[in-house]
Protein chains: 2
Amino acid sequence: MSLPSPSAPADGSLQQGLHQDGRRLTPQRKRVLELFEHRGSGCHLSAEEVHQQLASLQLKVSLATVYRTLRLLADMGFLQELELSEGGRRFELAHGDHRDHHHLVCIRCGRTEEFESEPVLMAGADAAQQFGFKLIESSLNVRALCPNCQD
Amino acid sequence: MSLPSPSAPADGSLQQGLHQDGRRLTPQRKRVLELFEHRGSGCHLSAEEVHQQLASLQLKVSLATVYRTLRLLADMGFLQELELSEGGRRFELAHGDHRDHHHLVCIRCGRTEEFESEPVLMAGADAAQQFGFKLIESSLNVRALCPNCQD
DNA sequence: CTCTCTGCAAAGTATTTGCAGACTA
DNA sequence: TAGTCTGCAAATACTTTGCAGAGAG
């Protein structure tokens with residue numbers, strides 16, 4: 001079984017993007033991307049978690065392949081790599097509309113909230129321009145204590 | 001020998017902070033902190049680099065101790081842990097005056113520039129407040145291509 | 001059919017830990 | 001002296017890679 005994917009929005013572009021480079025659309029790659037799509041955009045998963053969540057859905061994808069696939073999907077722009085505090089990098093679904101967003105992370109319990117901010121994006125763009133860099137992506141990480149961890 | 005440390009600004013507070021918790025001021029801990037102080041605040045070092053730089057100054061500190069010390073100093077607030085893109089976390093001297101600053105990183109060659117931005121700090125503070133979080137620190141990471149890597 | 005992909009297991013990095021002796025307070 | 005710290009080496013976590021067979025186009 002595969003996750004119920006009514007119209008499989010990204011499937012088409014995934015296949016297309018892969019074929020452009022002579023790569024192939026495999027069930028494993030579909031499964032990983034679909035997992036993120038069904039979890040929604042606020043979901044930050046590590047390689048290990050992707051592997052386990054797929055396993056719990058009876059979808060076997062080896063951990064090595066998960067790693068390879070996460071990197072591939074991130075390179076292709078379907079996923080975005082996060083650099084939050086804890087060890088282990090995480091990935092989330094990239095927004096098609098290129099709307100960068102930011103993270104508020106509780107350093108104690110790891111709870112993560114997302115938010116957007118126009119001024120932040122502009123500040124990033126300004127800084128890049130000022131140093132002659134070509135902007136790719138900017139993200140603000142706010143380290144904080146959530147209400148439950150403040151005592 | 002130790003690095004020429006005219007008035008050893010942090011030495012006192014390092015010793016004090018350590019003693020508060022029953023910990024001790026050792027040459028190794030002093031060496032690590034002094035390295036950062038002499039490199040200045042714009043310097044981002046990994047554990048491995050700290051180890052090598054100390055070694056090149058004839059100051060022997062084992063790599064394991066460097067790791068332990070970096071974590072200790074970061075917990076005590078003397079150093080700040082960075083989460084830039086490349087594998088391997090880095091540390092920099094924490095600003096006593098709590099002036100957060102941000103990083104512009106070339107994803108190809110790793111060149112890193114720093115900048116400050118008032119609007120970014122405000123956006124971070126706003127977001128924290130909005131979710132009821134207590135702000136600790138916010139940093140904007142801008143991923144980009146530097147002039148040399150743009151072709 | 002051809003050439004890419006996967007799974008496995010082994011190899012790498014990066015970082016942490018156990019322990020006996022060294023050293024600070 | 002008492003208890004913390006260090007260095008070493010082994011252990012652990014995370015990620016990548018080599019290779020032979022499976023599978024997409």
Side-chain angles (χ1 to χ4, degrees), chain A residues 2 8 11-12 14-35 44-55 58-76 78-79 81-91 110, chain B residues 2 8 11-12 14-33 35 44-52 54-55 58-76 78-79 81-91 110:
Chain A
S2 68
D11 255 44
L14 174 58
Q15 181 166 48
Q16 191 175 338
L18 287 167
H19 287 181
Q20 272 182 349
D21 298 310
R23 301 206 199 85
R24 290 172 183 179
L25 179 60
T26 65
Q28 289 87 341
R29 289 172 177 177
K30 243 165 100 168
R31 284 171 196 160
V32 171
L33 183 53
E34 283 176 359
L35 176 67
H44 311 138
L45 300 173
S46 64
E48 190 67 46
E49 285 167 351
V50 169
H51 179 245
Q52 296 197 339
Q53 296 207 12
L54 288 174
Q58 315 295 323
L59 301 171
K60 307 264 158 79
V61 181
S62 76
L63 187 54
T65 297
V66 170
Y67 275 107
R68 282 185 281 229
T69 302
L70 288 175
R71 190 145 50 109
L72 175 67
L73 293 176
D75 286 347
M76 293 178 67
F78 287 101
L79 297 181
E81 195 175 336
L82 302 176
E83 307 126 18
L84 307 180
S85 41
E86 333 127 60
R89 53 196 74 154
R90 285 162 181 281
F91 295 81
Chain B
S2 68
D11 255 43
L14 174 56
Q15 183 167 46
Q16 191 175 342
L18 287 168
H19 286 181
Q20 271 182 349
D21 296 311
R23 301 206 199 85
R24 292 174 183 177
L25 178 60
T26 64
Q28 289 86 343
R29 289 173 178 176
K30 244 166 97 169
R31 284 172 194 157
V32 171
L33 184 52
L35 177 68
H44 310 139
L45 300 173
S46 65
E48 190 67 48
E49 286 167 350
V50 168
H51 180 245
Q52 297 196 339
L54 287 175
Q58 315 295 323
L59 301 171
K60 308 264 160 75
V61 182
S62 77
L63 186 54
T65 296
V66 169
Y67 275 107
R68 282 184 282 226
T69 302
L70 289 175
R71 189 143 52 106
L72 175 67
L73 293 176
D75 286 348
M76 294 178 65
F78 288 101
L79 297 181
E81 196 174 336
L82 303 177
E83 307 125 22
L84 307 180
S85 41
E86 334 126 59
R89 53 196 73 155
R90 286 163 181 277
F91 294 81

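Values reported hereafter were calculated over all heavy atoms of this structure, with side chains retained and with hydrogens, waters and symmetry mates removed. Below, chain A is the first sequence line, B the second, and so on; all start at residue 1.
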Q: Determine: side-chain N/O of Gln28(A) to OP1/OP2 of dG23(D), distance under 4.0 Å, yes or no.
A: no
Q: To the nearest Å, how far apart are Gln16(A) CD and dG25(D) P?
A: 14 Å
Q: Starting at the 5' end of DNA chain C and moving along, which residue's nearest nucleotide shows up first, Val66(A) or Gly22(A)?
A: Gly22(A)
Q: A side-chain contact here means heavy atoms from C-beta on lying under 4.5 Å apart; do Leu45(B) and Leu70(B) qualify?
A: no
Q: Roughly, in whole Å, what's the span from CD in Glu49(A) to C1' in dT15(D)?
A: 15 Å
Q: What is the distance, to the nearest angstrom, from the CZ atom on Arg90(B) to the C1' atom on dT15(C)?
A: 15 Å
Q: With sequence neighbours left out, which residue pairs that include part of residues 14-23 of chain A fulfil the salt bridge (Lys or Arg N to Asp or Glu O under 4.0 Å) condition?
A: Asp21(A)-Arg23(A)
Q: Any side-chain heavy atom of Leu14(B) within less than 4.5 Å of one from Leu73(B)?
A: yes
Q: Return the angle between end axes of the helix from dC1(C)-dG25(D) to dA25(C)-dT1(D), with five pairs used per end and rounding to 10°.
A: 40°
Q: Starting at atom CD of Glu81(B), determine the distance to atom C1' of dT15(C), rounded to an integer number of angstrom.
A: 12 Å
Q: Ignoring the backbone of Arg29(B), work out which of dT16(D), dC5(D), dG25(D) is nearest its side chain.
A: dC5(D)
Q: Between Lys30(A) (NZ) and dA24(D) (C1'), how many Å, whole number?
A: 12 Å
Q: Which residues pass the side chain to side chain donor-acceptor pair (under 3.5 Å) test with Gln53(A), not counting sequence neighbours?
A: Arg39(A)
Q: Partners of Thr65(A) by side chain to side chain donor-acceptor pair (under 3.5 Å), sequence neighbours excluded?
A: Ser62(A)
Q: For dT6(D), does either OP1 or OP2 sit under 4.0 Å from a side-chain N or O belonging to Thr26(B)?
A: yes
Q: Please report the distance, rounded to the nearest Å, between NE2 in His51(B) and P in dT15(C).
A: 14 Å
Q: Between dT6(C) and Ser62(A), is there an OP1 or OP2 to side-chain N/O distance shorter than 4.0 Å?
A: no
Q: May I have the distance from Arg23(B) (atom CZ) to dT24(C) (atom C1'), rounded to whole angstrom?
A: 15 Å
Q: Return the CZ to CD distance between Phe91(A) and Glu49(A), rounded to the nearest 0.5 Å.
A: 12.0 Å
Q: Identify all pairs in which a protein N or O lies below 3.5 Å from an N or O of nucleotides 17-23 of chain C, and state each distance.
A:
none

Q: Check Arg24(B) against Leu18(B) and note the closest heavy-atom contact, atom names and distance.
A: O-CD1, 3.4 Å
Q: Search all heavy atoms of Glu81(A) against all heavy atoms of Arg89(A) and return the closest pair with its distance.
A: OE2-CD, 3.1 Å
Q: Figure out the CG/P separation between Leu59(B) and dG7(D), and round it to whole Å.
A: 11 Å
Q: Taking 4.0 Å as the cut-off, does a side-chain nitrogen or oxygen of Tyr67(A) come that near to OP1 or OP2 on dT16(D)?
A: no
Q: Partners of Glu48(B) by side-chain contact (heavy atoms from CB on, under 4.5 Å), sequence neighbours excluded?
A: Ser46(B), His51(B), Gln52(B), Leu63(B)
